[in-house]
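Just below is one structure, and these are the notes that go with it.
Counting convention: from 1, in listed order, for ligands and their atoms alike.
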Amino acid sequence: MLSADSLKDEQRLPRVPEPGVMVIFGASGDLTRRKLIPALYDLAAQRRLPMEFAVVGVSRTEMSHDDFREKLHDALEEHRSGQISEDVWESFSKSIFYLPGDSKKPETYKELKNFLTRLDDERGSEGNRIYYLSSSPSLFPTIVEHLGGAGMNREEDGAYARLVVEKPFGRDLESARELNRNLRRYFEEHQIYRIDHYLGKDTVQNILALRFSNGIFEPIWNQHYVDHIQITVAEDIGVGTRGAFYEEAGALRDIVQNHVMQVLCLTAMEPPVTFDAESVREEKVKVLKAVRPIPEDRVEDCAVRGQYERGWVFGEEVKGYGEEKDVAPDSRTETYVALKLFVDNWRWAGTPFYIRAGKRLPKKVTEIAIQFDPTPHTPFAHGETQGLEPNVLVIRIQPEEGISLKIGAKVPGSGFEISSVNMDLLYGTAFLEEAPDAYQRLLLDLMLGDPTLFIRADEAEGAWGILEPVMRAWSRSKEVPPYQAGTWGPQKADELIGRDGRKWRRP
Ligand code: BG6
């Protein structure tokens with residue numbers, strides 16, 4: 001039997017998945033080039049991929065295996081920072097294949113099935129399959145139905161068949177339920193991996209590490225000591241070339257339903273009994289269930305949207321949203337969202353969670369700020385504590401990943417002046433290691449069959465359920481307040497938090 005220490009050592013060993021094939025539907029799209037192939041290449045370079053692993057791209061464009069490989073090599077040069085080892089590429093690229101085909105036609109699946117069986121024989125992939133849906137979301141049900149029709153969903157003779165679903169996972173509660181029903185017609189829940197790349201970020205996982213591996217935070221992580229929480233997902237970029245997609249999505253669907261809700265769950269959840277998929281996800285779902293429903297006729301009390309107009313970001317003049325490519329000049333799509341939510345349970349009753357997410361804000365920053373109550377009494381004279389603010393713990397997801405705790409300290413000198421200062425932990429300097437890209441972690445977990453960092457069906461539906469009244473109210477009203485690009489959002493967002501006597505942070 002292994003001792004506790006050697007067991008821990010075992011768990012620390014690099015995890016190498018079983019042989020298998022990853023089939024990417026919509027392989028000529030952006031995600032394959034920007035994220036999937038760079039992440040797989042890095043895993044190959046770290047020898048995390050088994051020799052018998054293969055990638056098969058499926059898409060309508062006519063291309064040979066070599067054309068596809070060449071495109072991916074270019075993409076790697078474009079999207080991955082750092083030197084590419086041609087030796088690694090040479091051997092990794094031999095495991096990449098391409099099959100042109102229309103995912104709406106049954107013939108494509110017949111051909112794919114034969115091709116995969118051949119790969120099993122030639123490369124020893126042992127019948128293990130990952131089907132990655134990275135095509136247009138409208139095709140997800142069709143692809144799944146065809147996979148099912150061809151019997152490619154079955155897990156036989158110990159082989160696995162996993163389905164990866166990229167966001168957006170539906171566009172409201174009903175469509176998410178419908179999508180779940182469609183997926184589950186052919187795949188069981190344990191085969192379905194709904195991906196949210198935020199969960200692959202080390203710093204997002206660190207929310208759990210910080211909360212549950214340190215004894216000092218848990219006693220004060222509740223409504224008795226926390227005044228409020230602010231979650232910010234700010235981006236300086238606009239919609240760029242993704243206008244068509246964004247017109248359909250908007251900030252609420254693009255960022256809040258998934259990334260922000262996940263961060264909220266990790267911040268607010270109870271300690272899971274163990275760090276396994278079901279325990280962790282169960283606790284997250286409980287948070288979503290506890291979020292106080294937003295009354296549809298009072299949405300303006302707790303939700304604000306905005307749209308960026310022409311302005312300046314980092315000294316450069318940028319277009320307004322309505323002037324972006326593939327965007328209607330009179331578009332009512334929101335590029336900014338602020339919300340005030342309550343989590344109605346014993347831990348958080350009465351503590352507001354203020355959330356904001358937007359594009360074309362002054363900088364890119366994702367952070368969670370836990371704003372603690374002020375001290376109940378200060379023995380110091382007023383003049384001595386003018387520079388003192390209540391404690392704030394900031395978990396910085398990106399960039400400058402780290403944790404910062406604002407504390408009061410005596411200003412050096414012969415007087416007794418107290419001021420707030422930050423105690424900072426910067427990941428980069430503490431660990432001297434660069435965090436891997438989120439997709440690396442998630443693709444590896446996927447191959448290893450670990451769904452902890454993937455979204456369960458009831459999580460996706462729970463998050464939509466919270467936003468449903470907001471979406472309904474917004475679809476009826478025409479008013480989308482503008483904000484100048486390069487500012488922190490519309491005036492109404494300041495009013496939302498200002499009504500409670502609080503202010504947004506300036507991260
Ligand atoms: C994606 C959104 O999910 O997340 C994009 O579709 C957004 O609009 C991106 O820019 C932000 O991700 P990250 O990892 O850069 O914070």
For K201, all residues meeting salt bridge (Lys or Arg N to Asp or Glu O under 4.0 Å), sequence neighbours excluded: none
Geometric cation-pi criterion, R162 with Y160: 6.0 Å, 45°: yes
Protein residues that have a heavy atom under 4.0 Å from any atom of ligand 1, sorted by chain and number: K167, H197, Y198, K201, E235, R242, D254, I255, H259, K359, K364, Q398
In terms of relative ring orientation, are [X] and [Y] parallel, tilted or perpendicular, with 30° and 60° separating the classes?
X	Y	answer
F68	Y98	tilted
W89	F92	perpendicular
Y308	Y321	perpendicular

Minimum heavy-atom distance I229-I370, with the two atoms named: CD1-CD1, 4.0 Å
